[in-house]
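Along the sequence shown, the residues carry numbers beginning at 1.
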Amino acid sequence: MASSSHCFLIFSVALLLQVLVSPVSALTLTSTKYIDKLCQMPLVDNKAFCLQTLSAYPPAASATSLLPLASAVIRGIVLPQAKKSASFADEAAKKEPNLKTQFQTCKEAYESIGDSLMSALEELKRSPYVATYDVMTCTDHTSQVKNLVGKNRDVASKTLIEMTMQMEKLLPLAIGSTQVVGG
């Protein structure tokens, strides 16, 4: 009798675990499918970086379709980098009087990137093609930053260039995001 109740307990626990784990596994497979699809977009040039970055970001990893994934990438990964870079350039303009004009222009460039990304978010559902264009214009601004401070030797300029290089790695993810939903 004790043996049958022991078997029943093991069977119940096994069944319960299967029920609890199955939805998580299905969700993981589904979100991985969306991430894989985004990372395979033609303008996403660093597939490994894309997979690693999106898989590590919970809103992207748990996206239930392509639109929430695209929104998570732009709103949660790329846009914060633009804001952080604009803020850094603003602080650098205050601390480096000799380079104030250059850093102020860099700040404005990053604010324009932020505006373009916000516009892309607004257009994502209605017009993915327009959203793609909005994100693609961001590369003009990163080029502007590199031209303004890329040859400078000071620490702030070098840091801003590193931030710009990171932005240039993230922008293809944003472009892929807009393209994967139809842009």
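- Of the residues L99, N98, I161, the one that meets the side chain to side chain contact (heavy atoms under 4.5 Å, CB included) test with N152 is L99.
- Checked against side chain to side chain contact (heavy atoms under 4.5 Å, CB included), P59 has the following partners two or more places apart in sequence or in another chain: Y57, A72.
- Rounding to the nearest 0.5 angstrom, the gap separating the NZ atom in K95 from the CZ atom in F103 is 11.0 Å.
- Closest of all the heavy-atom pairs between M41 and G176 is CG-O, 3.7 Å.
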Full working for side-chain contact (heavy atoms from CB on, under 4.5 Å) between I175 and V44: CA-CA 8 Å; I175 294 168; V44 176; over 6 Å; no
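- Counting only residues at least two apart or in different chains, disulfide (SG to SG under 2.5 Å) contacts with residues 45-120 comprise C39-C50.
- Around the OH atom of Y133, the shell of radius 6.0 Å holds no more than 12 heavy atoms that belong to other residues, nucleotides or ligands.
- Of the possible polar contacts, one joining the Y34 side chain to the T64 backbone as a donor-acceptor pair under 3.5 Å is found.
- Between I113 atom CD1 and T137 atom OG1 the span is 8.5 Å, to the nearest 0.5 Å.
- Transitive grouping of hydrophobic side chains (ILVMFWY, heavy atoms separated by less than 4.5 Å) brings L43 and M165 into a common cluster.
- Take D140 and apply the side chain to side chain donor-acceptor pair (under 3.5 Å) test, not counting sequence neighbours, and it matches no residue.
- For L173 against L38, the heavy-atom pair with the smallest separation is O-CD2, 4.0 Å.
- Listed by first and then second residue, the side-chain hydrogen bond (donor to acceptor under 3.5 Å, both in side chains) pairs that reach into residues 160-176 are Y110-T164, T142-E168, K146-E168, sequence neighbours excluded.
- In this view, Q144 satisfies the side chain to side chain donor-acceptor pair (under 3.5 Å) rule with no residue, not counting sequence neighbours.
- Applying the side-chain hydrogen bond (donor to acceptor under 3.5 Å, both in side chains) test to residues at least two apart or on different chains, none of the pairs has a partner in residues 41-55.
- For C138, the disulfide bond (SG atoms under 2.5 Å apart) test picks out no residue, with sequence neighbours left out.
- Taking every heavy atom of both residues into account, V149 and L160 meet most closely at CG2-CD2, 4.2 Å.
- Qualifying side chain to side chain donor-acceptor pair (under 3.5 Å) partners for R153, counting only residues two or more places apart in sequence or in other chains: none.
- Sorted by first then second residue, the side-chain hydrogen bond (donor to acceptor under 3.5 Å, both in side chains) pairs that include residues 174-183, not counting sequence neighbours, are T132-T178.
- Here salt bridge (Lys or Arg N to Asp or Glu O under 4.0 Å) pairs that include residues 107-127, with residues two or more places apart or in two chains, are K107-E111, E123-R126.
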Please list every donor-acceptor pair under 3.5 Å in which a side-chain atom of residues 75-92 meets a protein atom from a residue at least two apart or in another chain.
from, atom 1, to, atom 2, distance (Å)
Q81, NE2, M163, O, 3.4
S85, OG, Q81, O, 2.9

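- Judged as a side chain to side chain donor-acceptor pair (under 3.5 Å), and not counting sequence neighbours, the contacts of S119 are D134.
- In the hydrophobic clustering of ILVMFWY residues, with side-chain heavy atoms under 4.5 Å counting as a link, V130 and V135 come out apart.
- Remark: side-chain polar atoms of T139 are paired, donor with acceptor, to backbone N or O of M136 under 3.5 angstrom.
- Taking each heavy atom of L148 and T105 in turn, the nearest pair found is CD1-CG2, 3.4 Å.
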